[in-house]
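Have a look at the structure below, then the notes.
Given the structure is predicted, the values throughout are model-derived calculations rather than measurements. Scope of the values below: all heavy atoms of this structure, side chains included, with no hydrogens, waters or symmetry mates.
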Amino acid sequence: MPWKTLDDMDLAGKVVLVRVDINVPVEDGRVTDATRIERIKPTVDDILKAGGKPVLLAHFGRPKGKVVPEMSLKITLPALEEAFGRGVIFADDCIGLPAKQAVAALSEGDILLLENTRFHEGEEKNDPALAAAMAALGDIYVNDAFSAAHRAHASTEGIAKLLPSCAGRLMEAELTALEGALGNPARPLVAVVGGAKVSTKLDLLGNLVGKVDFLVIGGGMANTFLAAQGINVGKSLCEHDMVGTARDIKDKADAAGCRIVLPVDVVVAREFRAGAVNETVAADACPADAMILDAGPKSVEMIEEVFAKCKTLIWNGPLGAFEIDPFDAATNAAAAKAAELTEAGLLVSVAGGGDTVAALNGAGAAEKFSYISTAGGAFLEWMEGKTLPGVAALQD
């Protein structure tokens, strides 16, 4: 890997600035899902074990460069303390006197959380002066926030150029998994891309057709590709203005030797609600007054056969309207097959993106996948082949 990890750094007695993503959901003044907090624990634990003093830098919400009391990171302290099994000190700013005094008072074994970096206008502008003020607090910089690595901010990119820098454990795991899945994968390689609109995933599809052996397209996007073949999709969600683009993507895939897998049968209904009366028809036989809400059993069988041929799977997006029963059936069945092959050691499976994580959790398959990324936008941009500023800065 072209970046350093914690294993490459001498942390003993050093103040270690750690960029983390603890932008967690909060309700009634408390954290309702501490997954992101739990995921930074290995990094903090290893810094403490090595005799370093971890100082956490993070954003919370979108205060747009102003101090917004409701967006203070103070709200995360109880959840952090529970995850780390020890007290966490808090400073009222991420630079200046409050931060300097808090850092100076640190003893071995202490953890310090600095206030929301986005309370400063210079954070999102990647202001060199703000980056320098943060860098002045520590000896080493560790980026453990892959989910914020697609942003060139002062705390994700600017600071990395001013201090000896490395990836934290979560960042390391994420980069290793993604590099293994898309950079240098075991082949054949299949990607599942689902979701509502082709227009939001143009860069992704354009990058993948040149890199994968099979591309499974699901969700509303599949309807647009079916329409591009002249198939009537009734009242289904479909971007009719994108059919030309869908044809171009198909041509590009054919030229690259990538097989696009579309539904051969579909589950249709007249209304979009849980338990709606539905039927399974051939993909080219959607009634004019119905909408396609899921892939059918023959399509699932075909997808499972593709998975069985492949050695690596990347998954982003559901195959149908997974939020409502029974239109989660295709996603659940395909996810279960991927999980089974992964558990048997026959498939490396990497998945990411908000809907994807929710869908795989709903299918009970997530814990069996090789790696689940919670990074959202950064995961998508990596799949699109884009350079992530926060990762590139670590390579410098």
Side-chain angles (χ1 to χ4, degrees), residues 190-201 205 209 214-251 253-254 258-309 313 315-338 340 355-356 358-360 362-363 365:
V190 56
V192 173
V193 179
K197 296 180 174 182
V198 172
S199 55
T200 60
K201 295 196 176 176
L205 296 169
V209 293
F214 298 91
L215 177 58
V216 176
I217 297 179
M221 294 170 62
N223 302 336
T224 303
F225 275 82
L226 292 172
Q229 294 179 1
I231 291 170
N232 188 337
V233 294
K235 292 188 171 177
S236 308
L237 175 63
C238 176
E239 292 179 289
H240 291 285
D241 58 333
M242 296 298 291
V243 295
T245 304
R247 283 190 206 106
D248 291 344
I249 291 168
K250 173 77 168 68
D251 291 344
D254 290 344
C258 164
R259 181 185 147 204
I260 289 184
V261 179
L262 292 170
V264 290
D265 62 341
V266 291
V267 180
V268 302
R270 268 77 182 175
E271 52 185 336
F272 184 73
R273 66 169 179 82
V277 174
N278 62 87
E279 59 183 314
T280 301
V281 298
D284 59 359
C286 175
D289 64 341
M291 57 188 128
I292 297 168
L293 294 175
D294 201 9
K298 286 180 184 165
S299 304
V300 171
E301 214 172 283
M302 187 170 66
I303 291 166
E304 289 177 348
E305 282 169 14
V306 169
F307 285 0
K309 285 179 195 166
L313 160 69
W315 190 317
N316 176 259
L319 297 175
F322 79 99
E323 310 93 333
I324 55 174
D325 178 70
F327 309 111
D328 55 353
T331 301
N332 290 350
K337 182 65 175 180
E340 176 197 316
D355 279 356
T356 313
L360 297 182

Fill in: Stepwise side-chain contact (heavy atoms from CB on, under 4.5 Å) test for Arg259 and Val306
CA-CA 10 Å; Arg259 181 185 147 204; Val306 169; 4.1 Å; yes
Using every non-hydrogen atom in the two residues, find where [X] and [Y] come nearest and quote the distance to one decimal.
{"X": "Val233", "Y": "Ala227", "result": "CG1-N, 4.4 Å"}
{"X": "Glu239", "Y": "Ser199", "result": "OE2-OG, 2.5 Å"}
{"X": "Val266", "Y": "Ala282", "result": "CG2-O, 4.0 Å"}
{"X": "Ser299", "Y": "Asp265", "result": "OG-OD1, 2.6 Å"}

Worksheet entry | Heavy-atom side-chain contact between Leu293 and Val267 under 4.5 Å | no
Worksheet item: Hey, does Ile303 have a side-chain heavy atom less than 4.5 Å from the side chain of Leu319?
Response: yes
[atom1]-[atom2] distance between [X] and [Y], expressed to the nearest 0.5 angstrom:
{"X": "Asn278", "Y": "Ile292", "atom1": "CG", "atom2": "CD1", "result": "13.0 Å"}
{"X": "Lys197", "Y": "Thr224", "atom1": "NZ", "atom2": "OG1", "result": "10.0 Å"}
{"X": "Lys250", "Y": "Leu262", "atom1": "NZ", "atom2": "CG", "result": "8.0 Å"}
{"X": "Leu215", "Y": "Phe225", "atom1": "CG", "atom2": "CZ", "result": "7.0 Å"}

Item to complete: Please check if the side chain of Asp294 supplies one atom and the backbone of Ala330 the other of a donor-acceptor pair under 3.5 Å.
Response: yes
Fill in: Asp284 side chain vs Ile231 backbone, donor-acceptor pair below 3.5 Å
no
Fill in: salt bridge (charged side-chain N to carboxylate O under 4.0 Å, His left out) evaluation trace for Arg247 with Asp251
CA-CA 6 Å; Arg247 283 190 206 106; Asp251 291 344; over 6 Å; no
Item to complete: Quick one: do Arg270 and Glu279 satisfy salt bridge (charged side-chain N to carboxylate O under 4.0 Å, His left out)? Show the steps, please.
Response: CA-CA 10 Å; Arg270 268 77 182 175; Glu279 59 183 314; 2.9 Å; yes
Discussion item. For Lys337 and Glu340: C-alpha separation, side-chain torsions, deciding distance, then whether salt bridge (charged side-chain N to carboxylate O under 4.0 Å, His left out) applies.
Written reply: CA-CA 5 Å; Lys337 182 65 175 180; Glu340 176 197 316; 3.6 Å; yes
